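These values consider heavy atoms only, across backbone and side chains, with no hydrogens, waters or symmetry-generated copies. Quick caveat: nothing in here was measured; it's all calculated off a predicted structure. Each chain gets a letter, A, B and so on, in the order its sequence line appears, and its residues count up from 1.
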Amino acid sequence: MGQPHDLGNIIDAHPFFDGIDAELRTLLVGCAANERFEPGEFLLREGKAADKFFLIRGGTVAVEVDVPGKKPIILETMGEGEVLGWSWMVAPFMATFDARATVAVRALSFDGKCLRKKMAADPALGYAVMSRFVPVMAHRLQQTRMQLLDLYGVDAEGGKKKKKGKGD
Amino acid sequence: MSAHAKDPMLPRPFRVEKVKRELSDTFTMELVPAEGGGFSFAAGQFNMLYVFGIGEVPISISGDPGEHERLVHTTRAVGKVSGALDALKVGDVIGVRGPYGIPWPVEAAFGRDLVFVAGGVGLAPLRPAIYQAMANRERFGKVMVLYGARTPEDILFKKEIERWRGRFDMDVAVTVDRATGKWGGNVGVVTNLVAKGGFDPQNTTAFVCGPEVMMRYAAQALEKKGVGRGSIFVSMERNMKCGVGLCGHCQWGTHFVCKDGPVFRYDSIADLFSIREL
């Protein structure tokens with residue numbers, strides 16, 4: 001685990017907490033830890049306690065679903081500058097997917113229980129955290145909808161005669 | 001002046017010289033003029049390909065605009081005519097009318113970062129512009145290719161993308177909508193690659209090609225990064241028949257896609273994207 005001032009600098013350097021008030025940042029530092037994951041190591045496991053979220057500082061994480069007897073299905077990959085995990089905010093605080101490091105990953109982790117407690121006690125912190133998570137959640141929802149559209153499938157592209165090699 | 005040049009409705013015979021299977025339903029044909037001579041086109045233009053006795057279909061050119069000896073088309077077999085094209089063998093002859101349409105404004109982007117955003121088979125109409133950019137590499141700032149496909153198995157021009165990736169003067173990122181654990185690359189929509197940036201939005205020209213919905217979202221993502229609407233270009237698709245703006249089949253609002261497009265500056269058509277009846 002890094003020193004508090006180091007963690008503060010890391011928080012400052014990560015786009016997720018851009019513009020956060022210094023006082024609130026100090027509260028965040030108290031719940032933060034610097035972590036490293038080797039390739040193949042899991043940051044979150046489906047059905048297990050979602051007791052953390054992560055600001056990814058380097059490397060790539062695959063969010064995936066385990067399929068018995070087969071390779072897992074990867075839903076999304078995330079990298080530097082992105083935030084992983086919001087189940088720590090939603091009861092019963094269980095991870096809904098696996099998150100696996102596909103290469104070595106450096107991340108700042110935040111203890112969900114610690115942060116929930118501080119957010120409940122300090123609405124300004126709660127607002128600062130929530131107002132950063134909601135756009136991420138909205139973006140993920142939009143991304144998921146776009147994936148559901150299956151844009152590159154024949155059905156999605158069909159219907160009219162096309163040019164560019166996609167049509168009649 | 002040849003009869004073909006005088007009459008835009010008169011097809012010119014081309015012989016199939018090579019056929020390459022790209023994906024399960026997508027193939028590339030190399031054509032050479034059956035009566036000799038060459039063929040010039042600009043990146044982004046299309047031809048009307050005529051399978052005798054079956055019909056004609058507009059297909060963008062996917063080859064190198066610097067290559068005049070042969071004509072390259074990449075297409076997906078999804079209908080009667082494209083299915084007939086797929087069934088052609090080396091030595092068969094088809095009719096070709098063209099090239100038609102407004103091309104990608106590659107030269108107008110000299111001095112700027114150039115970002116290609118492609119989805120699915122939409123990489124094919126962008127490839128000529130990518131070739132042109134590579135041939136004039138020193139005249140651009142950054143050159144980026146951002147490509148989204150359905151699955152790793154659906155990545156078009158895979159080997160070529162790997163070669164582009166190996167260049168030190170070009171940034172190439174690929175993402176797929178879905179994958180299994182065998183895939184070590186990005187998973188997510190192509191707009192995520194746009195959001196990651198890496199280009200100077202104020203000095204970027206973006207060429208976008210793919211399904212219309214994907215282009216809409218990609219243009220929005222580029223705008224969100226700060227790229228102006230006047231610097232974004234999209235390649236549109238509509239039902240075409242004549243290819244020269246006479247028949248009206250491809251009318252899109254006040255535009256004919258065959259003649260005023262297929263490449264449009266986004267600020268000239270952005271409003272049309274939201275009109276469902278079009």
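Heavy atoms only, all atoms of each residue included: A:Gln147 and B:Asp177 are closest at NE2-O, 2.9 Å. Closest heavy-atom contact between B:Pro211 and A:Leu151: CG-O, 3.3 Å. The two atoms that bring B:Val187 and A:Thr77 nearest to each other are N-OG1, 2.7 Å, heavy atoms only.
Contact annotation for A:Glu64: neither backbone nor side-chain heavy atoms come within less than 4.5 Å of a heavy atom of chain B. Both the backbone and the side chain of A:Ile73 come within contact range of chain B, each with at least one heavy atom under 4.5 Å from a heavy atom of that chain. At a 4.5 Å heavy-atom cutoff, the contact between A:Gln142 and chain B is made by side-chain atoms alone. At a 4.5 Å heavy-atom cutoff, B:Ala195 makes no contact with chain A through either its backbone or its side chain. For B:Tyr217, the part lying near chain A is the side chain, with the backbone staying farther off; criterion is any non-hydrogen pair under 4.5 Å.
Expressed to the nearest 0.5 Å, how far CE of B:Met214 lies from CG of A:Leu149 amounts to 13.0 Å.
Ranked by heavy-atom pairs under 4.5 Å with chain A, the list B:Gly184, B:Gly188, B:Gly55, B:Gly148 is led by B:Gly148.
Identified under the side-chain hydrogen bond (donor to acceptor under 3.5 Å, both in side chains) test for residues 186-199 of chain B, with sequence neighbours left out: A:His139-B:Asn192, A:Gln143-B:Asn192. Pairs engaging residues 61-122 of chain A under the disulfide bond (SG atoms under 2.5 Å apart) rule: A:Cys31-A:Cys114 [sequence neighbours left out].
Within a 6.0 Å sphere centred on CZ of B:Arg21, heavy atoms belonging to other residues, nucleotides or ligands number more than 12. The environment of A:Tyr127 atom OH is sparse: at most 12 non-hydrogen atoms of other residues, nucleotides or ligands sit within 6.0 angstrom. Counting non-hydrogen atoms of neighbouring residues, nucleotides and ligands closer than 6.0 angstrom, the CE atom of A:Met137 exceeds 12 such neighbours.
Annotation: side chain to side chain contact (heavy atoms under 4.5 Å, CB included) contacts of A:Lys117 (sequence neighbours excluded): none.
Between A:Tyr152 and B:Asp154 there is no side-chain heavy-atom pair separated by less than 4.5 Å. Within the 4.5 Å cutoff, the side chain of B:Arg150 has heavy atoms near those of the A:Asp150 side chain.
Within residues 38-60 of chain A, no residue has any heavy atom under 4.5 Å from a heavy atom of chain B.
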